[in-house]
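A short worksheet on the structure shown next.
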Amino acid sequence: MRCGRSGDDAANRQRSPRWWKEGVDVPVHPRYLEIASRIRERIEGGEWLPGARLPRLDDFAAEYGANRDTVVRAIAELETAGFVWAVQGRGISVRHDTLRPRRPRGDLVKRNERVTGYSFPSASSREVWVRHGTATNAPARLENPRIAMLLGVDPGTEVLRRFRVTGPASEAPFQINVTWIHPRIADTVAGLGASPAAGEWLSRIEKAGHWPIRWMEIHRARMPGTEEAGLLEIPTDLPVLEIVRVGTSGTDDRPVEVTECVVASDRVETVHVLHRDENAHQPWPPEPLARA
């Protein structure tokens with residue numbers, strides 16, 4: 001009589017994603033991984049370029065003879081691996097991934113080389129930056145209590161708000177910029193276009209009696225909102241770097257503007273030069289000789 005496997009072995013066979021043969025376990029990939037692999041091969045083969053929209057889930061399901069839930073799992077696998085990004089209402093697109101150039105972000109503010117104004121660290125090179133989508137320059141209620149505190153106004157105050165999405169020409173959107181301008185100087189830039197050359201509006205504030213503006217930045221990592229992910233063309237599970245810049249008047253030391261800058265974490269790395277405190281400027285004294 002031939003002995004079979006125990007009841008525990010039979011239960012294990014039912015739970016394990018493997019075909020079972022007498023004495024042999026053969027690994028089998030789930031259907032969704034197979035579909036994910038085939039879509040990945042098509043992306044890597046150039047069928048869809050970075051930024052291109054993929055077919056609908058139902059189209060993939062029909063093409064691969066699978067149900068929609070299986071395709072959803074396949075797309076989720078590709079999103080986790082960094083090949084695609086999916087935003088509700090916008091569909092699924094190929095991520096720029098490693099093709100998205102990084103930029104080091106230091107702490108140097110320069111005069112803009114093209115117009116009267118300033119270029120901040122992530123836009124300090126000679127490359128030309130462009131606007132993506134629609135920019136606005138209009139009053140809005142500042143409901144965020146943290147930003148309101150930094151600007152020195154009460155939450156809910158109507159404040160001039162400047163909104164734009166920018167980045168180097170020929171690249172995906174790099175950063176979201178939302179600037180809140182203090183009501184006491186809003187008239188200075190109220191009539192300025194929504195998307196003038198970088199930093200031009202700051203020079204107008206300085207010419208109105210606030211030279212030189214001084215800046216402080218607060219950095220933190222967080223997850224993006226759905227709208228932010230859509231604007232930056234990233235998945236919602238990719239963290240962003242949030243940089244809040246506070247501009248202070250050089251004449252009365254009060255805030256004149258607060259800018260929120262949101263950058264995908266795969267696009268930027270911060271660079272900081274460390275400075276010695278006064279008590280660390282001199283070399284360490286020689287070690288005393290050990291006594292015999």
Heavy-atom closest pair (Val271 atom, Pro104 atom, distance to 0.1 Å) is CG2-CB, 3.8 Å
side-chain contact (heavy atoms from CB on, under 4.5 Å) test vs Leu202 passes for just one of Thr179, Ile213, Val256, Val109, namely Ile213
Check your understanding: Are any of the side-chain nitrogens in Glu242 or Arg220 under 4.0 Å away from the carboxylate oxygens of its partner?
Key -> yes
- Query: Would you say Arg105's side chain and Glu269's backbone share a donor-acceptor pair under 3.5 angstrom?
  - Reply: no
Next on the checklist: Looking at Arg184, I want to see if its CZ is surrounded by more than 12 non-hydrogen atoms of other residues, nucleotides or ligands under 6.0 Å.
Outcome noted: yes
Hydrophobic clusters here meaning ILVMFWY residues chained together by side-chain heavy-atom distances under 4.5 Å, can you tell me if Trp48 and Tyr64 are in one? yes
Heavy atoms from other residues, nucleotides or ligands near CD of Glu143 exceed 12 (cutoff 6.0 Å) | yes
Q) Going by an N to O cut-off under 4.0 Å, is there a salt bridge joining Glu63 and Arg42? A) yes
Item to complete: Could you check His182 against Val153 for side-chain contact (heavy atoms from CB on, under 4.5 Å), going step by step and ending with a plain yes or no?
Response: CA-CA 8 Å; His182 198 281; Val153 300; 3.8 Å; yes
- Task: Verify whether one side chain among Asn137 and Arg162 offers a donor that lies under 3.5 Å from an acceptor in the other.
- Result: yes
Note: Leu232 and Phe174 closest approach over all heavy atoms is CD2-O, 3.7 Å
- prompt: Between the side chains of Thr70 and Asn67, is a donor N or O closer than 3.5 angstrom to an acceptor N or O?
  reply: yes
* Is the backbone of Gly209 close enough, under 3.5 Å, to the side chain of Thr251 for a donor and an acceptor to pair up by distance? -> yes
Thinking salt bridges, do Glu260 and Arg161 make one under a 4.0 Å N-O criterion?
no
inquiry  = Same cluster or not: Ile205 versus Leu192, using hydrophobic residues (I, L, V, M, F, W, Y) connected whenever any side-chain heavy atoms lie under 4.5 Å apart?
reply    = yes
The residue among Ile218, Ile181, Val159, Leu150 that forms side-chain contact (heavy atoms from CB on, under 4.5 Å) with Val258 is Leu150
Exercise. Any cation-pi pair here, Arg245 with Phe120, using under 6.0 Å and within 45°?
Worked result: yes
Hey, are Arg40 and Glu44 close enough for a salt bridge, meaning a charged N less than 4.0 Å from a carboxylate O? yes
Whether over 12 other heavy atoms sit under 6.0 Å from Arg31 CZ:
yes
Less than 3.5 Å apart, any donor N or O on the side chain of Arg204 or Thr188 sitting next to an acceptor on the other? no
Discussion item. Is it true that Glu257 and Trp215 share a donor-acceptor pair across their side chains at a distance under 3.5 Å?
Written reply: yes
